[in-house]
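Scope of the values below: all heavy atoms of this structure, side chains included, with no hydrogens, waters or symmetry mates. Fair warning: this is a prediction, and the values are worked out from it, not measured in the lab.
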Amino acid sequence: TGAEIGLAYKMTSNNQWTYRLSQKQGRYRQTALPAVLSDFTEREHALDLSWAASGRLRLQGQVAYLDRSHDTRPDRDWSGWAARVGAQWDLTGKTQLGAGFVRELGTYQSAQANYFEGYRLYLAPQWQAAPKTVLRLRVEEGERAYKGAPAGALKSGRRDRLQGLALEWQWQALRALSLGLRAQRAARRSNQAGVN
């Protein structure tokens with residue numbers, strides 16, 4: 001279960017910043033792994049900024065602090081910073097180019113890790129092929145490191161290299177109806193055997 005509250009301020013220049021506080025509580029019921037999993041509370045503070053640098057360029061960013069604590073397993077607790085920054089260029093009336101960097105942080109509970117830290121770089125061009133048809137491509141490359149070994153466990157040292165490719169077609173059939181088709185491919189190469 002969870003809740004969030006936020007505050008947004010939109011300027012006359014169409015620039016905007018937003019602050020958001022969210023809190024979640026999770027409970028594992030009838031788990032087969034009581035020694036591994038524990039009920040938790042997760043809190044996130046996030047500050048977003050959207051800024052029109054010019055008529056054709058918009059910059060967006062976020063910085064967030066996450067804190068996760070576990071009721072019966074304090075050795076599973078973790079906290080840290082996440083961030084993202086991106087840009088959207090209107091190259092022509094029909095083409096846009098997006099690009100950005102994401103520094104991610106997330107839970108990953110295993111016998112040797114509690115969470116992961118990672119980064120992703122992405123490139124996302126878009127083409128308005130017809131008045132009602134849009135084609136989008138997204139290419140991503142990144143890496144994840146698994147951290148926070150619980151009590152009594154050896155650090156895994158696991159690192160994954162991630163690649164992603166997605167192609168999307170969207171057609172605005174009617175004002176209230178949009179149809180889409182998406183194909184994507186994801187790949188993971190790890191320094192540990194058996195998880196590629």
Hydrophobic cluster identity match, L123 and L135, side-chain contacts under 4.5 Å:
no
Output all residues satisfying side chain to side chain contact (heavy atoms under 4.5 Å, CB included) with E44, sequence neighbours left out; order by chain, then residue number.
R20, S22, A46, A64, L66
Just wondering, do W78 and T107 contact through their side chains at under 4.5 Å, heavy atoms?
yes
Not counting sequence neighbours, which residues clear salt bridge (Lys or Arg N to Asp or Glu O under 4.0 Å) with R120? List them please.
E104, E140
Hey, could you give me the CD/NZ distance between Q126 and K94, rounded to the nearest 0.5 Å?
13.0 Å
Can you tell me if W169 has over 12 outside heavy atoms packed within less than 6.0 Å of its CH2?
yes
Inter-residue atom distance R56.CZ - Q96.CD, 0.5 Å rounding
10.5 Å
Flag the pair R158 / V195 as yes when at least one side-chain heavy-atom distance between them is below 4.5 Å, and no otherwise.
yes
Check the hydrophobic clustering (I, L, V, M, F, W, Y; side-chain heavy atoms under 4.5 Å; chains of links allowed) and say if L167 and W127 are grouped together.
no
Minimum heavy-atom separation for D77 to H70, with atom names?
OD1-N, 2.7 Å
Report the distance from atom CH2 of W51 to atom CZ of R58, rounding to the nearest 0.5 Å.
10.5 Å
Taking only residues at least two apart or on different chains, which pairs with a member in residues 89-110 satisfy ring pair (Phe, Tyr, Trp, His ring centres under 6.0 Å)?
Y108-Y146
For S79 and L105, which heavy atoms make the closest approach, and how far apart are they?
C-CD2, 4.3 Å
Quick check: closest heavy atoms across D160 and S190, and the distance to 0.1 Å?
OD1-OG, 2.7 Å
Could you check if a side-chain atom of V139 sits within less than 4.5 angstrom of a side-chain atom of L121, using non-hydrogen atoms only?
no
Tightest non-hydrogen contact, residues Q112 and A153, listed as CA-CB, 4.5 Å
Are side-chain heavy atoms of T95 and P125 found at a separation under 4.5 Å?
no
In chain order, what residues pass the side-chain hydrogen bond (donor to acceptor under 3.5 Å, both in side chains) check against D75, with sequence neighbours excluded?
R73
Counterpart residues, salt bridge (Lys or Arg N to Asp or Glu O under 4.0 Å), relative to R27 (two or more places apart)
D39
Among Ile, Leu, Val, Met, Phe, Trp and Tyr joined by side-chain contacts under 4.5 Å, find the other residues sharing a cluster with Y122 and list them by chain and number.
V102
Side chain to side chain donor-acceptor pair (under 3.5 Å) evaluation trace for Q88 with Q60:
CA-CA 8 Å; Q88 186 80 37; Q60 296 167 326; over 6 Å; no
Donor-acceptor contact present, side-chain R76 to main-chain A113, <3.5 Å:
yes
Hydrophobic clusters here meaning ILVMFWY residues chained together by side-chain heavy-atom distances under 4.5 Å, can you tell me if Y119 and V85 are in one?
yes
If the condition is salt bridge (Lys or Arg N to Asp or Glu O under 4.0 Å), which residues does D48 pass it with, not counting sequence neighbours?
R84
Share the residues that join V134 in a hydrophobic cluster, the rule being Ile, Leu, Val, Met, Phe, Trp or Tyr side chains under 4.5 Å apart at the heavy-atom level.
none
Report the residues that fulfil side chain to side chain contact (heavy atoms under 4.5 Å, CB included) with K24, sequence neighbours left out, ordered by chain and then residue number.
E42
Please name all residues satisfying salt bridge (Lys or Arg N to Asp or Glu O under 4.0 Å) with R159, sequence neighbours left out, ordered by chain then number.
E143
For the side chain of R189 and the backbone of N196, is there at least one donor-acceptor N/O pair under 3.5 Å apart?
no
What residues join L162 in its hydrophobic cluster, counting side-chain heavy atom gaps under 4.5 Å, either direct or through other members?
none
Tracing side-chain links under 4.5 Å among I, L, V, M, F, W and Y, which residues wind up in one group with L49?
I5, L7, Y9, M11, W17, Y19, L21, L47, V63, Y65, W81
